[in-house]
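Remarks on the structure that follows.
In what follows, every chain begins at residue 1, and chains take the letters A, B, ... in the order their sequences are listed.
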Protein chains: 2
Amino acid sequence: MGPDTKPEIRHVDLEQLEDRFKSFLYAKRGKVTNERLALLRTLYTHNGHFSVDQLLDLMAKNEHSISRATVYRTLDLLVQCGLVKKLAIEDRETRYESALDSGHHDHIICVDCNKIIEFFNPELEAIQDDILGVYNLKPVKHIHQLYGSCTVPNCPEKKKSGQT
Amino acid sequence: MGPDTKPEIRHVDLEQLEDRFKSFLYAKRGKVTNERLALLRTLYTHNGHFSVDQLLDLMAKNEHSISRATVYRTLDLLVQCGLVKKLAIEDRETRYESALDSGHHDHIICVDCNKIIEFFNPELEAIQDDILGVYNLKPVKHIHQLYGSCTVPNCPEKKKSGQT
DNA sequence: ATAAGTGCAAAAGATTTGCAACCTA
DNA sequence: TAGGTTGCAAATCTTTTGCACTTAT
């Protein structure tokens, strides 16, 4: 695809996302700053599950210097307005991922290679809500991670770490 | 059983548990120390999901002084040998609970009162294993927490914290 | 102009680690 | 006795916060 015909899907998405973020900020009398937009863009123009360090690296590489404190503060905002999801993965730094791209899903972590796989199962979702109902609770969210060990003999990925 | 007729269920359990821990330690050439046994007992003679601070308090109250570092080191051992389960609850200190008492279960956290409720659903368990199978992974463990908001009007527990 | 946001460095909170003294096997 | 274990304090690591300065509105 040349400079002419290339479909810039990401571009369109990004504008919508930014608008959503801006509306959120407007509603709470917050300000639209370069730092905030840059972090949103970074999260949505890369695929993966990022630690704060990884985000800082990514942004530094793209000439968007931003302080660690601002990353933390902005991630909070993005989580609040539903654009970013926070993953509490046991014994690892907290990871963050874009929340609108792929819809709701949970994660599988391979204990051999640390790979993170996303999954979604409607049955599972339904049962969870049912269980909450039994205790008179309204679903707010859930954390669900499956840890598995690779059954592929001599998996080439073994013991690599820091994956997506 | 007690000296005569009173059934001292806890007592019997504890001995078995200690034996299990001792075997584990023996196998890895570890030593059976008072601190280690005291922590095991503390976890099994109280019901709940404890933070390290809570464990230190409990032990101090029962004249079992033990250092924080040893608590951490011993918890690792207990988790390794399957006697204790580590709960990574989002945005709260890590909690630990006895692992053999009530069998496998996961947790519901009420976002209003912070209460922790245990649940178990065989269907849910089965589906999780199926999902892992799809990716050629053998189940190792899972983390599953449902966050719910209380639908009881004026729930008396509202906003209390630090619950079991 | 003014309230909000930013970076920096310090603070806080949880967990780990180095080391000398101290036990268990 | 020898090697593992303990407690303490120092070190790490992640995240939060106070503050003077800067910027969006």
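Going from atom NZ of A/K31 over to atom C1' of D/dT22 covers 10 Å, rounded to whole Å. Taking atom CD of residue B/E35 and atom P of nucleotide D/dC8, one finds them 11 Å apart after rounding to whole Å. In this structure, A/L75 atom CG and D/dT14 atom P are separated by 15 Å, rounded to whole Å. Rounded to whole Å, the distance from NZ on B/K28 to C1' on D/dG3 is 14 Å. Atom CG in B/L37 sits about 13 Å away from atom P in D/dT5, given to the nearest Å. As a whole-Å value, the separation of A/D76 CG from D/dT17 P is 10 Å. Here D/dC8 presents its P atom at 12 Å from CZ of B/R68, a figure rounded to the nearest Å. In this entry the distance linking NZ of B/K22 with P of C/dA25 reads 9 Å, nearest Å.
Comparing B/T33 and A/T33 by the nucleotide of DNA chain C whose heavy atom lies nearest to each, the residue mapping closer to the 5' end is A/T33. Comparing B/I66 and A/Y72 by the nucleotide of DNA chain D that holds the closest heavy atom to each, the one mapping nearer the 5' end is B/I66. Both A/R36 and B/D53 sit near DNA chain C, but only A/R36 has its closest nucleotide nearer the 5' end.
Side-chain N/O atoms of B/T94 include one lying less than 4.0 angstrom from OP1 or OP2 on C/dT15. Residue A/S67 places no side-chain N or O under 4.0 Å from the OP1 or OP2 atom of C/dC8.
With A/H144 as the fixed residue, the side-chain hydrogen bond (donor to acceptor under 3.5 Å, both in side chains) test singles out one of B/H142, B/Q145, B/Q128: B/Q128.
Within 3.5 Å, a donor on the side chain of B/R73 pairs with an acceptor on the base of D/dG7, or the reverse.
Around atom CZ of A/F120, more than 12 heavy atoms belonging to other residues, nucleotides or ligands sit under 6.0 Å away.
In the model, A/H104 has no side-chain atom that pairs as donor or acceptor with a side-chain atom of A/E118 under 3.5 Å. Residues A/H64 and A/E35 bring no donor and acceptor atom of their side chains to less than 3.5 Å of each other.
For the atom pair CD1 of B/I89 and NZ of B/K86, the computed distance is 13.0 Å after rounding to the nearest 0.5 Å.
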